[in-house]
Amino acid sequence: MTATTTEPPSGIAGQTVVLRPTTPEHVPVFLEILRHPEIAPWWGGYDLERVRRELLGPHGYAIELAGEVVGLIIYREETDPDHRHAALDLALHPDHQGQGLGCDALRAMARFLFRSGGHHRVTIDPAAHNERAIRSCARAGFRPVGVMRSYERSTDGSWHDCLLMDLVSADLP
């Protein structure tokens, strides 16, 4: 998967949040978020080098609320014209959960990928037992597709199921 989309210079605006392209200055905040005890079980194994390697660059965005970084969102693209779609991942600091910010960030990124990226479908795959994430994705318009068994490795080394959810452009609220 390779990126072909370009973001507007001012970032991607949601109703409440703004998604800004990641920079090296975001690394310490991302590490703090990903190492938080409520986030680490879902995003375990991130160290300084992995954050730099995977979260910086054209696919990574900081989620800002009133200028403060409160989370991160990344996407991957399939650019084959017959299978064109994007996949999202999101982490939001627990102090900012339950306020609709994750839902807003998902909608803003999906809208951007539909309009600027030429995608018709966006997916996300929260852990099947991460009820909070599943509810947020559903509020953003994502629908369950099916359970992917033993899809993702847990921080303890065991495998757990994930729920594949998707949103097609015609269904974006």
Does atom [atom1] ([X]) have a neighbourhood of more than 12 heavy atoms from anything else shown, all under 6.0 Å?
| X | atom1 | answer |
| --- | --- | --- |
| Arg50 | CZ | yes |
| Arg53 | CZ | yes |
| Glu131 | CD | no |

[X] and [Y]: which non-hydrogen atoms are nearest, and at how many Å?
| X | Y | result |
| --- | --- | --- |
| Ile74 | Gly60 | CG2-CA, 3.8 Å |
| Ala108 | Ile12 | O-CG2, 3.6 Å |
| Gln97 | Leu92 | NE2-O, 2.8 Å |
| Cys103 | Ser136 | N-OG, 3.4 Å |
| Glu54 | Tyr46 | OE1-OH, 2.8 Å |
| Leu172 | Ala140 | CD1-O, 4.4 Å |

Indicate if [X] and [Y] have the same hydrophobic cluster label, given that clusters are the connected sets of ILVMFWY residues with side-chain heavy-atom separations under 4.5 angstrom.
| X | Y | result |
| --- | --- | --- |
| Leu55 | Leu48 | yes |
| Leu65 | Ile63 | yes |
| Trp42 | Leu163 | no |
| Tyr151 | Ile124 | no |

task: Please step through side-chain contact (heavy atoms from CB on, under 4.5 Å) for the pair Arg76 and Asp89, ending with a clear verdict.
output: CA-CA 9 Å; Arg76 293 170 299 285; Asp89 277 313; 3.1 Å; yes
Enter the distance from [X]:[atom1] to [Y]:[atom2] here, rounded to the nearest 0.5 Å.
| X | Y | atom1 | atom2 | result |
| --- | --- | --- | --- | --- |
| Leu90 | Trp43 | CG | CH2 | 7.5 Å |
| Met109 | Asp104 | CE | CG | 12.0 Å |
| His85 | Asp166 | NE2 | CG | 9.5 Å |
| Phe142 | Leu164 | CZ | CG | 10.5 Å |
| Ile73 | Leu106 | CD1 | CG | 5.0 Å |
| Leu167 | Phe114 | CG | CZ | 4.0 Å |

[Y] and [X], any side-chain heavy atoms less than 4.5 Å apart:
| X | Y | answer |
| --- | --- | --- |
| Leu113 | Leu88 | yes |
| Tyr61 | Pro21 | yes |
| Phe112 | Leu19 | no |

What side-chain donor-acceptor pairs closer than 3.5 Å can you find for residues 31-39, not counting sequence neighbours?
from  : atom 1 : to    : atom 2 : distance (Å)
His36 : ND1    : Glu38 : N      : 3.0

Distance-only, no hydrogens or angles: does the [X] side chain make a donor-acceptor pair with backbone N or O of [Y] under 3.5 Å?
| X | Y | answer |
| --- | --- | --- |
| Arg84 | Gly117 | yes |
| Asp125 | Cys162 | no |
| Gln99 | Asp95 | yes |
| Arg121 | His83 | no |
| Asp161 | Val147 | no |

- request: Please work out which of the three classes, parallel, tilted or perpendicular, describes the rings of His129 and His160, given edges at 30° and 60°.
  value: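 Correct class here is perpendicular.
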message: Classify the ring geometry of His96 against His93: parallel below 30°, tilted from 30° to 60°, perpendicular beyond 60°.
response: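 Rings of His96 and His93: perpendicular, as their planes differ by over 60°.
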- request: Starting from the C-alpha separation in whole Å, work towards a yes-or-no answer on side-chain contact (heavy atoms from CB on, under 4.5 Å) for Val27 and Arg52.
  value: CA-CA 7 Å; Val27 170; Arg52 287 179 178 152; 4.1 Å; yes
message: Assess the residue pair Val122 and Tyr75 against the criterion (side-chain contact (heavy atoms from CB on, under 4.5 Å)); give the C-alpha distance rounded to whole Å, side-chain angles, the decisive distance to 0.1 Å, and a yes or no.
response: CA-CA 9 Å; Val122 177; Tyr75 71 90; over 6 Å; no
message: Under the criterion side-chain hydrogen bond (donor to acceptor under 3.5 Å, both in side chains), I'd like the reasoning laid out for Thr79 against Glu77: C-alpha separation, chi angles, the key distance, then a yes or no.
response: CA-CA 6 Å; Thr79 57; Glu77 294 182 292; over 6 Å; no
message: Would Leu72 and Thr22 count as a side-chain contact (heavy atoms from CB on, under 4.5 Å) here? Give the steps.
response: CA-CA 9 Å; Leu72 60 107; Thr22 57; 5.9 Å; no
